[in-house]
Amino acid sequence: EVQLQASGGGLVQAGGSLRLSCAASGLPADDYGIGWFRQAPGKGREGVSCFNSKDGSVYYGDSVRGRFTISSDSTEKTAYLQMHSLKPEDTGVYYCAADRALYCSTNGFDYLGMPHWGKGTLVTVSS
């Protein structure tokens, strides 16, 4: 059984930083994809970033590229999303998603196809 334990988030002023983490259990050690998508108030879901453990590729959404960095501890199967230069438009609920590595590539993050989602964590960026 795959389980995701997400943590992090909170309230920060614009320009500040936050780090999210997501610990996954029950996934193959050398074949997993893990990342985050978000949903802003009144808006649809948006893929933020993901990591592919098979080839090390990462994906960033256009709105976060250059400000967010994803990393993964393959031993612990934990992913981290370091968010810098946060903007009010980054406000939303961030969800961790994970499954096989094929759901993540440099070209995209198929979080909708992933069957395992963690509980959302709220990120609020004040102006």
Side-chain angles (χ1 to χ4, degrees):
E1 179 185 3
V2 176
Q3 293 187 335
L4 302 178
Q5 184 67 43
S7 61
L11 173 64
V12 66
Q13 289 188 329
S17 299
L18 283 174
R19 189 176 84 156
L20 306 181
S21 64
C22 180
S25 60
L27 291 172
D30 58 353
D31 181 10
Y32 66 90
I34 190 167
W36 282 265
F37 66 95
R38 67 187 181 187
Q39 187 159 22
K43 295 188 177 181
R45 298 185 186 111
E46 176 189 12
V48 176
S49 181
C50 67
F51 172 82
N52 179 315
S53 75
K54 289 193 75 173
D55 59 16
S57 58
V58 297
Y59 165 84
Y60 295 105
D62 290 342
S63 62
V64 307
R65 190 174 295 114
R67 300 186 297 120
F68 292 10
T69 302
I70 192 168
S71 61
S72 179
D73 180 333
S74 60
T75 302
E76 300 292 331
K77 281 179 281 184
T78 298
Y80 303 95
L81 185 69
Q82 182 66 54
M83 305 183 291
H84 292 299
S85 303
L86 284 162
K87 305 175 181 179
E89 50 263 45
D90 292 317
T91 294
V93 179
Y94 285 66
Y95 298 88
C96 174
D99 198 70
R100 304 297 290 272
L102 63 90
Y103 290 97
C104 174
S105 74
T106 55
N107 296 319
F109 178 24
D110 184 13
Y111 58 91
L112 291 176
M114 285 182 157
H116 310 295
W117 293 7
K119 291 183 178 179
T121 184
L122 179 62
V123 171
T124 304
V125 184
S126 63
S127 57

Electrostatic pair D62:R65 at N-O distance under 4.0 angstrom: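 Salt bridge between D62 and R65, a charged N being under 4.0 Å from a carboxylate O: yes.
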Are any of the side-chain heavy atoms of F51 and S72 separated by less than 4.5 Å?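 Touching, per the 4.5 Å side-chain cut-off.
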Side chains of D90 and R38: does their closest heavy-atom pair fall under 4.5 Å? yes
Which heavy-atom pair separates [X] from [Y] by the least distance, and what is that distance?
| X | Y | value |
| --- | --- | --- |
| V2 | G26 | CG2-O, 3.6 Å |
| K77 | P28 | CD-O, 4.1 Å |
| P115 | D99 | CG-OD1, 3.3 Å |
| G108 | C50 | O-SG, 4.1 Å |
| G9 | V123 | CA-CG2, 4.0 Å |

State which residues pass side-chain hydrogen bond (donor to acceptor under 3.5 Å, both in side chains) with T106; sequence neighbours excluded, sorted by chain then number.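 Partners of T106 by the side-chain hydrogen bond (donor to acceptor under 3.5 Å, both in side chains) criterion come out as none, since no residue qualifies.
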Should side-chain heavy atoms under 4.5 Å link Ile, Leu, Val, Met, Phe, Trp and Tyr, which residues sit in the same cluster as Y103? F37, Y59, V93, Y95, L102, F109, Y111, L112, M114, W117, L122
Any sub-3.5 Å donor-acceptor pair from [X]'s side-chain atoms to [Y]'s backbone N or O?
| X | Y | value |
| --- | --- | --- |
| N52 | S105 | no |
| Y60 | I70 | yes |
| T121 | Y94 | no |
| T78 | D73 | no |

We want to know whether S63 and E46 form a side-chain donor-acceptor pair, criterion being a heavy-atom distance below 3.5 angstrom.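 Looking only at side-chain atoms, E46 and S63 do form a donor-acceptor pair, the distance falling under 3.5 Å.
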For residues 18-25, tabulate all N or O donor-acceptor pairs below 3.5 Å that involve a side-chain atom, not counting sequence neighbours.
| unit_1 | atom_1 | unit_2 | atom_2 | d |
| --- | --- | --- | --- | --- |
| S21 | OG | S7 | OG | 2.5 |

